[in-house]
Amino acid sequence: MQNSTAQTTEHAAAAEESTMSRHAQVVIIGSGFSGIGLGYSLKKERFEDFVILERSADVGGVWNLNTYPGCTCDVPSHLYSFSFAPNPEWSSTYSPQAEIRDYLHTCLERFGLRPHLRTGVDVTGAAWNEADQLWEIETSDGRWTANVLVSAVGPLTEPKLPDVPGIGRFRGKVMHSARWDNDYDLAGKRVASIGTGASAIQYVPRIVDRVGELFVFQRTAPWIMPHDKRPITDAERARFRRYPAAQKRERDKVYLSKEALLLGFAKQPKLMKLVEGLARKHRESQVADPALRAALTPDYLVGCKRIVPSNEWYPALQKPNVTLVPKALREVRENSVVDADGVEREVDAIIFATGFHVADIPFADRVRGRSGELLQDHWEGSPRAYLGASVPGFPNFFMFLGPNTGLGHSSMVYMIEAQVAHITHAIRALDTTGATAIEVEQSVHDEYNRRIDAKLATTVWELGGCTSFYRDVNGRNASIYPDWTFRFRRDNVKWRTDAYHLTTGPASVTEGVTPAVAAASAIAR
């Protein structure tokens with residue numbers, strides 16, 4: 001009887017907690033590289049009043065959710081990791097998914113972030129309360145309030161399915177590459193793989209010898225480069241452990257080699273013809289059949305869409321049980337798929353490798369600013385932000401990897417580290433000045449985005465002759481950062497005294513403004 005009473009009391013306490021509003025100065029949504037990186041920075045500043053809310057059961061973001069066969073980062077390991085937390089134990093020059101997930105686990109423990117983490121908590125909505133100068137956050141585990149709300153929800157988060165009829169009535173197995181069902185046995189199955197982006201190019205070679213028949217639907221041929229991936233030797237790992245500076249030199253070399261590619265991407269697109277020549281030789285050396293080679297030849301300038309490295313893609317497509325369908329998917333029926341020409345093929349399973357909601361920024365449909373307007377409605381289909389992080393009308397709200405922070409040539413972790421510095425500056429400005437709200441100046445925001453658009457106009461992403469997931473519904477490239485990444489880092493690390501205004505109390509009733517100069521002085525101290 002006593003045990004039953006204790007359980008009842010415990011359940012009642014848990015229920016009461018879920019209905020109460022809990023508070024943290026900073027609420028971070030997401031526990032991938034961005035959330036962990038900001039947590040590290042705040043701890044380094046001796047700032048402890050923050051929480052990381054993660055909707056999944058584990059940390060890692062995209063590297064926790066993507067478990068498809070062959071899932072590997074296509075940025076070299078030494079660069080795709082925190083500069084302040086080098087990992088001398090990488091097994092390969094390009095890290096597999098499980099190693100990156102484990103690396104993030106290690107960082108979480110090493111940085112002392114476990115007490116700040118809440119897993120299994122889905123944020124369903126957030127609204128700025130102007131009167132109280134707080135964010136009110138609704139979650140699957142009750143309500144939170146926060147002085148500062150940070151979206152660390154990455155762009156490769158929400159899987160995207162093609163807009164074709166019949167998907168819901170298919171009787172077989174349907175899955176997206178980003179939500180792979182590892183319990184489903186593909187052995188002997190007839191499988192339709194839809195899409196030929198980075199994910200498909202990695203998993204198709206891994207499943208081709210297990211399935212009975214594989215139909216690869218290719219709407220647009222991708223540019224494939226030869227892959228220089230290789231195992232990292234025991235001797236190299238021992239050297240990195242003993243001499244961390246040696247690994248830093250490797251990281252710097254990789255960074256410079258990747259950054260040099262921007263000359264072709266953004267400065268002189270004609271230089272991409274040199275890259276195109278390498279890709280053409282790679283295709284010609286691996287594909288003997290002229291008809292198949294023609295079907296696999298892109299009709300746009302290399303770099304306009306994401307370039308993918310692979311030594312296995314072309315050989316996989318030439319297996320006897322594989323059929324390349326160089327057409328878009330038109331319809332799904334109960335037991336079959338139909339291509340754009342009306343050809344029907346019976347299949348047991350459909351795997352969609354059709355990417356993510358990238359240009360339509362994740363979480364924008366859940367956050368409401370001062371006016372009560374949703375962020376996605378505020379943008380009207382074309383996301384824009386200052387340094388990809390802040391938007392006028394949304395005080396005390398910051399994003400990681402927001403509009404125009406994506407790259408076609410280098411590491412997103414580098415961009416994340418830059419934004420970590422910027423967002424930490426902003427949080428520190430609030431904490432040290434006594435202000436209750438910090439908000440980007442409209443003029444600064446607008447001028448920044450005018451410069452982004454001007455730089456984009458002469459890049460391969462605009463002149464390359466393709467339609468890509470980089471573009472939003474209005475046709476604007478809302479994804480790519482079109483300049484040197486070291487310039488992005490410089491702009492984030494250096495706090496501009498004129499970029500933000502700080503206020504004390506609701507904007508409607510107070511005229512007191514804490515000068516940004518005071519915030520800068522406090523930051524300098």
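Side-chain contact between D360 and D472: absent, with no pair of heavy atoms (C-beta onward) separated by less than 4.5 Å. Side-chain contact between L263 and Q268: absent, with no pair of heavy atoms (C-beta onward) separated by less than 4.5 Å. Looking at heavy atoms from C-beta onward, F82 lies in side-chain contact with C107 at the 4.5 angstrom threshold. You'll find the side chain of R370 reaches within 4.5 Å of the side chain of P395, heavy atoms only. Taking the side chain as every heavy atom from C-beta outward, E447 and Y386 never approach each other to under 4.5 Å. Contact check for W180 versus C71: no side-chain heavy atoms found under the 4.5 Å cut-off.
Open room surrounds CZ on R242; 12 or fewer heavy atoms of other groups in view lie less than 6.0 Å from it. Within a 6.0 Å radius of CD in E109, other residues, nucleotides and ligands contribute more than 12 heavy atoms.
Within the 3.5 Å criterion, the main-chain N or O of E373 finds no donor-acceptor partner in the side chain of D377. One N or O on the side chain of T124 and one on the backbone of E138 form a donor-acceptor pair closer than 3.5 Å. Distance alone, capped at 3.5 Å, places no donor-acceptor pair between the S390 side chain and the V440 backbone. Not one N or O on the side chain of K305 forms a donor-acceptor pair closer than 3.5 Å with the backbone of C466. No donor-acceptor distance shorter than 3.5 angstrom exists from the side chain of D122 to the backbone of S56, with no hydrogens or angles considered. At least one donor-acceptor pair under 3.5 Å links the side chain of R366 to the backbone N or O of V123. No side-chain donor-acceptor contact under 3.5 Å links R384 to the backbone of W379. The main-chain N or O of P392 is never found under 3.5 Å from a side-chain atom of Q442 such that the two would form a donor-acceptor pair. Listed for the T157 side chain is no donor-acceptor partner under 3.5 Å among the backbone atoms of V153. A donor-acceptor pair under 3.5 Å links the side-chain atoms of E439 to the main chain of G393, judged by distance alone.
In this structure, CG on L262 lies 8.0 Å from CZ on F265, to the nearest 0.5 angstrom. Between atom CD of residue E276 and atom CG of residue L271 there is a gap of 12.5 Å, rounded to the nearest 0.5 Å. For the atom pair CZ (R451) and CG (D453), the distance works out to 11.5 Å, reported to the nearest 0.5 Å. Considering CE of M415 and CZ of R489, their distance stands at 10.5 Å, rounded to 0.5 Å. Note: E54 CD to S31 OG = 3.5 Å, rounded to the nearest 0.5 Å.
Taking the six-membered ring where tryptophan is involved, the planes of F240 and H78 are perpendicular, since the angle between them exceeds 60° and thus also 30°. Aromatic ring pairs are classed by plane angle as parallel below 30°, tilted from 30° to 60° and perpendicular above 60°; the pair H422 and Y500 is tilted. The aromatic rings of F84 and Y40 lie parallel to each other, with less than 30° between the two planes, well short of the 60° mark. In this structure, F397 and W135 have tilted ring planes: the angle between them lies in the 30° to 60° band.
Relative to the six-membered ring of F47, R428 misses at least one condition, a distance below 6.0 Å or an angle of at most 45° to the axis.
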Candidate pair S382 and N474, rule side-chain hydrogen bond (donor to acceptor under 3.5 Å, both in side chains), full reasoning: CA-CA 6 Å; S382 287; N474 297 320; 2.9 Å; yes
Working for salt bridge (charged side-chain N to carboxylate O under 4.0 Å, His left out), residues K248 and D252: CA-CA 6 Å; K248 184 181 183 304; D252 292 343; 3.0 Å; yes
CA sep, side-chain torsions, deciding dist, call: T485, S410, side-chain hydrogen bond (donor to acceptor under 3.5 Å, both in side chains): CA-CA 8 Å; T485 61; S410 191; 5.0 Å; no
Derivation of the side-chain hydrogen bond (donor to acceptor under 3.5 Å, both in side chains) call for E417 and S83: CA-CA 8 Å; E417 284 194 36; S83 63; 2.6 Å; yes
ring-ring contact (aromatic ring centres under 6.0 Å, His included) between F352 and H176, intermediate numbers included: CA-CA 5 Å; F352 288 100; H176 191 281; 7.4 Å; no
Worked check of side chain to side chain contact (heavy atoms under 4.5 Å, CB included) between D49 and V26: CA-CA 7 Å; D49 191 6; V26 180; over 6 Å; no
Step-by-step side chain to side chain contact (heavy atoms under 4.5 Å, CB included) determination, I194 to R219: CA-CA 9 Å; I194 314 300; R219 186 173 58 180; over 6 Å; no
Step-by-step side chain to side chain contact (heavy atoms under 4.5 Å, CB included) determination, H116 to E48: CA-CA 8 Å; H116 299 271; E48 295 288 340; 3.2 Å; yes
Worked verdict on N129 versus Q133 for side-chain hydrogen bond (donor to acceptor under 3.5 Å, both in side chains): CA-CA 6 Å; N129 184 321; Q133 299 281 279; over 6 Å; no
Stepwise side chain to side chain contact (heavy atoms under 4.5 Å, CB included) test for F400 and I423: CA-CA 9 Å; F400 278 98; I423 296 171; 3.7 Å; yes
Residues Y80, F33; criterion ring-ring contact (aromatic ring centres under 6.0 Å, His included); working and verdict: CA-CA 10 Å; Y80 199 83; F33 273 97; 5.2 Å; yes
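Residue F50 forms a side chain to side chain contact (heavy atoms under 4.5 Å, CB included) with just one option from L38, L42, I427, V27, and that option is L42. Just one of D483, T458, T459 meets the side chain to side chain donor-acceptor pair (under 3.5 Å) condition when paired with K267; it is D483.
Between H227 and Y94, a ring centre-to-centre spacing shorter than 6.0 Å is recorded. Ring centroids of W128 and F394 are separated by 6.0 Å or more, keeping the two rings apart.
No side-chain N or O of S95 forms a donor-acceptor pair with one of Y103 less than 3.5 Å apart.
By the disulfide bond (SG atoms under 2.5 Å apart) test, C73 pairs with no residue at all, sequence neighbours left out. Considering only residues two or more places apart in sequence or on other chains, H105 meets the side chain to side chain contact (heavy atoms under 4.5 Å, CB included) condition with D58, V59, R101, R114.
Salt-bridge annotation for E462 and R471: present, with a side-chain N of the basic residue lying under 4.0 Å from a carboxylate O of the acidic one.
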